[in-house]
Amino acid sequence: QLQASGGGLVQAGDSLRLSCAASGRTFRNYGMGWFRQAPGKEREFVAAISFSVSNTYYADSVKGRFTTSRDNAKSTVYLQMNSLKPEDTAVYYCAAKFLGGSAYASDYDYWGQGTLVTVSS
């Protein structure tokens, strides 16, 4: 089970940190991904972190502004979002993939419920 939190309403240029807490599985065996879905748009890849050496991957649209990290002791993955833009407004989802990581939503095994991020201009 994945529980995402930390969303909210912020202004352009502000920062937010999303958290995704996992339970019920061996967290360290799962690569974790972040996706987002804006109103009227398809779900898109944001970031991912591998299960082993914590390699990270980012969509071009967020590279240099967002950072994902994980704390295996707390079974939690984070998405630090800086310099937020109105186009970052979306519901953000975390997802888990057993022994892997991917930029494709269909590759993930488990999904959180999503947390809404709204960035005003």
Side-chain angles (χ1 to χ4, degrees):
Q1 187 174 3
L2 301 175
Q3 183 73 34
S5 61
L9 172 63
V10 297
Q11 293 186 333
D14 285 350
S15 298
L16 271 179
R17 189 177 80 157
L18 305 184
S19 299
C20 176
S23 61
R25 304 284 176 178
T26 307
F27 180 73
R28 64 179 180 273
N29 289 337
Y30 286 81
M32 301 298 295
W34 290 96
F35 293 79
R36 66 186 182 188
Q37 188 165 18
K41 295 187 177 181
E42 293 187 352
R43 191 170 298 190
E44 65 174 0
F45 170 74
V46 175
I49 185 166
S50 65
F51 71 100
S52 57
V53 295
S54 293
N55 291 328
T56 55
Y57 310 89
Y58 300 94
D60 288 343
S61 59
V62 306
K63 201 171 293 183
R65 300 188 298 122
F66 291 11
T67 303
T68 188
S69 60
R70 63 190 298 157
D71 185 337
N72 288 340
K74 296 182 178 179
S75 296
T76 301
V77 63
Y78 304 98
L79 184 67
Q80 177 67 43
M81 305 185 295
N82 298 329
S83 302
L84 282 161
K85 304 176 181 180
E87 51 263 44
D88 294 319
T89 295
V91 176
Y92 283 72
Y93 298 89
C94 59
K97 175 176 169 53
F98 184 63
L99 294 182
S102 173
Y104 298 97
S106 59
D107 288 342
Y108 284 81
D109 303 305
Y110 304 99
W111 288 83
Q113 86 289 1
T115 185
L116 177 62
V117 173
T118 304
V119 184
S120 63
S121 57

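Residue R28 holds its CZ atom at 9.0 Å from OG of S75, rounded to the nearest 0.5 Å. Taken to the nearest 0.5 Å, the CZ atom of R17 stands 9.0 Å off from the OG atom of S5. Distance check, rounded to the nearest 0.5 Å: OG1 of T89 to CG of L116 gives 8.0 Å. Here the CG-OH distance, from L79 to Y58, works out to 8.0 Å after rounding to the nearest 0.5 Å. From K63, atom NZ reaches atom OG1 of T56 across 9.5 Å, with rounding to the nearest 0.5 Å.
Residues C20 and M32 approach most closely at SG-CE, 4.3 Å, considering heavy atoms. Scanning both residues, S15 and Q80, for their nearest heavy atoms gives CB-NE2, 3.9 Å. The two residues P86 and S121 have their closest heavy-atom pair at CG-CB, 3.8 Å.
At a threshold of 4.5 Å between non-hydrogen side-chain atoms, the residues D14 and V119 do not count as touching. L2 places none of its side-chain heavy atoms less than 4.5 Å from the side chain of W111. Between M81 and R65, every side-chain heavy-atom pair lies at or beyond the 4.5 Å cut-off.
No chain of hydrophobic side-chain contacts below 4.5 Å, direct or via other Ile, Leu, Val, Met, Phe, Trp or Tyr residues, connects V117 to Y93. Following chains of ILVMFWY side-chain contacts shorter than 4.5 Å, one cannot reach V10 starting from V91, and the two form parts of different hydrophobic clusters. Residue F98 is grouped with residue F27 when hydrophobic side chains (ILVMFWY) are merged at heavy-atom distances under 4.5 angstrom, including chains of intermediate members. Y57 is not connected to L18 by any chain of hydrophobic side-chain contacts under 4.5 Å among Ile, Leu, Val, Met, Phe, Trp and Tyr, and they are in different clusters.
For the pair D88 and K85, the salt-bridge criterion is not met [side-chain N within less than 4.0 Å of a carboxylate O].
Shown here are the side-chain contact (heavy atoms from CB on, under 4.5 Å) partners of T76, two or more places apart in sequence or in another chain: S19, A21, K74, Y78. Residues meeting the ring pair (Phe, Tyr, Trp, His ring centres under 6.0 Å) test with F45, sequence neighbours left out: F35.
Sorted by first and then second residue, the pairs that involve residues 95-110 and meet side chain to side chain donor-acceptor pair (under 3.5 Å), not counting sequence neighbours, are R25-Y110, S102-D107.
Under a 3.5 Å cut-off, the side chain of Q37 and the backbone N or O of A90 do not form any donor-acceptor pair. In terms of modelled atom types and a separation under 3.5 Å, the side chain of T68 and the main chain of I49 share no donor-acceptor contact.
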task: Decide yes or no on side-chain contact (heavy atoms from CB on, under 4.5 Å) for R36 and V62, but give the supporting numbers first.
output: CA-CA 12 Å; R36 66 186 182 188; V62 306; 4.0 Å; yes

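Heavy-atom contacts from other residues, nucleotides or ligands closer than 6.0 Å to CD of E44 number more than 12.
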